[in-house]
Amino acid sequence: MKRLLFALLSGVIFGAGLALSGMTDPARVLGFLNLRGHWDPSLLFVLGGAVGVTLFTFRLILRRPAPLTDSRFHLPTQTRIDRPLIVGAAVFGVGWGLSGYCPGPAFAQLANPGVEALYFLPAMLVGIWLGSRLRRGR
């Protein structure tokens, strides 16, 4: 139960951060990705803040023997950049560029859903399901 409460609290904080920073607005995200048009650099501060907090806090957190809600850290063991990673990243990037949504902001939109989010979320879930099927088939 403690683990679920921490997961819920983390999700709420993450969603609130996305909403406050404007990352739940697809037009703002697409403005950030539009380097050849009217580029909106404001999301660089969001990205820089996230990277800065992560660099500082991960060093502190990983000094602990285990997380607060589990017996061990579940970190990726594969560090190799392979074809599935590149293809998956490319598909993710194309989807993000077409819609202006990535998974976190799309779920945060559930608090105030727009029509686009209602189309995006089921399509994203189908993509996740399809990707997991393809990975199992390898």
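Below, each value reflects all heavy atoms present in this structure, side chains not excepted, and no hydrogens, waters or symmetry copies.
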*Asks:* Taking side chain to side chain contact (heavy atoms under 4.5 Å, CB included) as the definition, give me every residue that meets it alongside R80, ordered by chain and number, with sequence neighbours left out.
*Replies:*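 Side chain to side chain contact (heavy atoms under 4.5 Å, CB included) check on R80 returns Q78, D82.
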
*Asks:* Would you mind listing the cluster partners of V94? Hydrophobic ones only (ILVMFWY), side-chain contacts under 4.5 Å, chaining allowed.
*Replies:*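 In the cluster with V94 are L98.
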
*Asks:* Rounded at 0.5 Å granularity, tell me how far CG in L125 sits from CG in L121.
*Replies:*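 It is 6.5 Å, given to the nearest 0.5 Å.
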
*Asks:* Suppose the criterion is ring-ring contact (aromatic ring centres under 6.0 Å, His included): which pairs have a residue in residues 76-107, not counting sequence neighbours?
*Replies:*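 Found Y101-F120.
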
*Asks:* Hydrophobic clustering (ILVMFWY, side-chain heavy atoms < 4.5 Å, transitive) - are L47 and W39 grouped together?
*Replies:*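 As far as the 4.5 Å side-chain criterion goes, L47 and W39 are connected within one cluster.
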
*Asks:* May I ask you to check whether over 12 heavy atoms, not counting those of I81, lie within 6.0 Å of atom CD1?
*Replies:*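 For I81, atom CD1 is not crowded (no more than 12 foreign heavy atoms under 6.0 Å).
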
*Asks:* Give the other cluster members for F56, using side-chain heavy-atom distances under 4.5 Å between Ile, Leu, Val, Met, Phe, Trp and Tyr residues; answer none if it is isolated.
*Replies:*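 The other cluster members (ILVMFWY side chains, heavy atoms under 4.5 Å, direct or chained) are L60.
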
*Asks:* Name all pairs fulfilling the salt bridge (charged side-chain N to carboxylate O under 4.0 Å, His left out) condition that reach into residues 46-66, sequence neighbours left out, sorted by first residue then second.
*Replies:*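 The answer is none; no pair qualifies.
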
*Asks:* Who else is in V115's hydrophobic cluster (ILVMFWY, side-chain heavy atoms under 4.5 Å, direct or via others)?
*Replies:*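 Once heavy-atom contacts under 4.5 Å are chained together, V115 belongs with Y119.
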
*Asks:* Hey, can you pull the donor-acceptor pairs under 3.5 Å for the side chains in residues 6-26, sequence neighbours left out?
*Replies:*
from: S10; atom 1: OG; to: F6; atom 2: O; distance (Å): 2.8
from: S21; atom 1: OG; to: G17; atom 2: O; distance (Å): 2.9
from: S21; atom 1: OG; to: L18; atom 2: O; distance (Å): 3.0
from: D25; atom 1: OD1; to: A27; atom 2: N; distance (Å): 3.1

*Asks:* If every non-hydrogen atom of A66 is compared with every non-hydrogen atom of S71, which pair is closest and at what distance?
*Replies:*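 Looks like CB-O, 3.4 Å.
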
*Asks:* With H38, which residues qualify under side chain to side chain contact (heavy atoms under 4.5 Å, CB included), at least two apart?
*Replies:*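 Scan of H38 (side chain to side chain contact (heavy atoms under 4.5 Å, CB included), adjacent residues dropped) gives none.
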
*Asks:* With sequence neighbours excluded, what pairs up with L75 under the side chain to side chain contact (heavy atoms under 4.5 Å, CB included) test?
*Replies:*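 Only L62, F73 meet the side chain to side chain contact (heavy atoms under 4.5 Å, CB included) criterion with L75.
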
*Asks:* Using side chain to side chain contact (heavy atoms under 4.5 Å, CB included) as the criterion, list what pairs up with L118, not counting sequence neighbours.
*Replies:*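 Side chain to side chain contact (heavy atoms under 4.5 Å, CB included) check on L118 returns P113.
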
*Asks:* Go through the structure and list residues passing side-chain hydrogen bond (donor to acceptor under 3.5 Å, both in side chains) with N34, not counting sequence neighbours.
*Replies:*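 N34: no side-chain hydrogen bond (donor to acceptor under 3.5 Å, both in side chains) contacts found.
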
*Asks:* Measure the spacing between NZ of K2 and CG of D70 and express it to the nearest 0.5 Å.
*Replies:*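 Result: 11.0 Å between the selected atoms.
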
*Asks:* Only pairs at least two apart or in different chains count here, so list each salt bridge (charged side-chain N to carboxylate O under 4.0 Å, His left out) that has a residue in residues 83-108.
*Replies:*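 Passing the test, one end in residues 83-108: no pairs.
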
*Asks:* Do I128 and V126 belong to the same hydrophobic cluster, where Ile, Leu, Val, Met, Phe, Trp and Tyr are linked whenever their side-chain heavy atoms lie under 4.5 Å apart, directly or via other members?
*Replies:*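 Different hydrophobic clusters.
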
